[in-house]
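Here is the structure we will look at.
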Amino acid sequence: MTRPTRIRLSIAALRHNLSRVRALAPRSRIWAVVKADAYGHGLAAAVRGFVEADGLALVEFDFALRLRELGWRKPVLLLEGAFEAADVGLARTHGFALTVHEARQIDWLAALPPGPPIEVHLKMNTGMNRLGFPPDCCIAAAARLAGLPAVGSVTWMTHFAQADAAPGVADALDRFQAVLPPGPVACSLANSAAIVDYPQTHVDWVRPGIMLYGATPFADRPAASLALRPAMALESRLIAEQRLAAGDTVGYGGAFVAKAPMRVGVVACGYADGYPRHAPTGTPVAVAGVRTRTLGRVSMDMLCVDLEPVPQAGVGDCVQLWGDQIPIDEVAAHAGTIGYELMCAVAPRVARFIED
Ligand SMILES: *Cc1c(COP(=O)(O)O)cnc(C)c1O
């Protein structure tokens with residue numbers, strides 16, 4: 001029989017979350033961010049869930065080509081731009097917009113033979129100190145781009161380092177606005193956290209990622225409080241049951257010790273499926289719809305759960321690791337990470353089911 005470990009992907013939830021972005025930023029066009037295979041949800045689900053988006057943004061050229069194969073005809077933006085000279089030709093052939101964050105990428109555009117122009121997002125570094133031109137170099141970069149026949153319209157872009165917590169975006173926004181040329185220029189600023197908290201960053205384009213998938217960009221605010229719906233459920237089944245006596249231990253290293261006789265369920269899901277190995281005893285999990293907890297160490301293909309709160313549960317029953325019953329952000333917090341990482345880490349061996 002097939003191993004019961006699977007993810008269910010809800011197109012309705014993706015659409016709902018996109019409509020939440022529309023409601024929050026009604027005057028902006030939306031780049032739905034689909035990097036990392038749509039945060040682990042798969043591009044096939046993303047193109048269906050985000051049909052109403054104005055464009056899709058990602059970092060992988062091969063996945064951008066895949067979007068075209070899947071029938072996506074609207075704009076596509078490469079968020080890290082070209083990695084090598086050949087990428088700019090590829091972008092032009094397929095009509096991809098390119099981020100330009102460093103001088104070499106402008107050289108590649110300058111070397112392009114005549115042809116249709118490429119849309120460019122000029123990236124400014126406003127404090128993340130990862131990608132982007134320093135603010136005082138942006139005018140010169142924009143001037144260079146404006147002189148190139150290979151370049152079409154230029155949108156000014158930055159990415160906030162601290163939109164999800166204090167001190168916020170004020171400093172980055174000041175730096176950005178201080179160097180904008182006079183007159184109308186198109187801009188793109190906001191990630192999910194800024195979409196929720198900083199309406200002043202809702203300019204021509206917004207770039208939501210995590211919120212589209214129904215998880216929170218904030219450490220201290222659950223996704224449900226933002227009216228977002230989880231699009232991914234990681235589920236499996238109980239494949240065994242053990243009865244422990246007081247003093248018995250569970251799993252590698254005996255990390256959990258039973259204080260009293262108890263029933264333990266064994267779930268067909270482990271770190272090789274993308275469940276975090278760092279999730280300790282007590283991480284929430286739902287068995288047959290009832291919330292309980294994990295016990296002991298997560299192993300490669302299995303993990304153990306406490307069946308005491310679910311006396312009726314037995315082998316074959318459904319287990320939800322995260323999804324509509326167990327927020328992914330809660331699991332992530334127990335494991336010392338964020339929902340983003342868990343979504344992206346779901347392993348290829350886990351079966352995918354797309355639901356409307
Ligand atoms: C990933 C990414 C986003 C989306 O960020 P979220 O926090 O997931 O909303 C936006 N812009 C850029 C440049 C990104 O790389």
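These numbers come from the heavy atoms of this one structure, side chains and all, not from hydrogens, waters or symmetry mates. Whatever order the structure lists ligands and atoms in, that order sets their numbers, starting from 1.
- Residues Ser10 and Arg229 bring no donor and acceptor atom of their side chains to less than 3.5 Å of each other.
- The side-chain hydrogen bond (donor to acceptor under 3.5 Å, both in side chains) check on Arg352 picks up Asp37, with sequence neighbours excluded.
- By the side-chain hydrogen bond (donor to acceptor under 3.5 Å, both in side chains) test, Arg6 pairs with Glu235, sequence neighbours left out.
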One pair per line, please: each N/O atom of ligand 1 matched with every protein N/O atom under 3.5 Å away, atom names first, then the distance to 0.1 Å.
| unit_1 | atom_1 | unit_2 | atom_2 | d |
| --- | --- | --- | --- | --- |
| ligand 1 | 7 (O) | Tyr340 | OH | 2.6 |
| ligand 1 | 8 (O) | Tyr39 | OH | 2.6 |
| ligand 1 | 8 (O) | Ile210 | N | 2.8 |
| ligand 1 | 9 (O) | Ser192 | N | 2.8 |
| ligand 1 | 9 (O) | Ser192 | OG | 2.5 |
| ligand 1 | 9 (O) | Gly209 | N | 2.9 |
| ligand 1 | 11 (N) | His159 | ND1 | 3.4 |
| ligand 1 | 11 (N) | Arg207 | NE | 2.9 |
| ligand 1 | 11 (N) | Arg207 | NH2 | 3.4 |
| ligand 1 | 15 (O) | Lys35 | NZ | 2.7 |

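- Here Phe133 and His101 keep their ring centres 6.0 angstrom or further from each other.
- The ring of Trp72 has its center no closer than 6.0 angstrom to the ring center of His94.
- With sequence neighbours left out, the salt bridge (Lys or Arg N to Asp or Glu O under 4.0 Å) criterion links Arg130 to no other residue.
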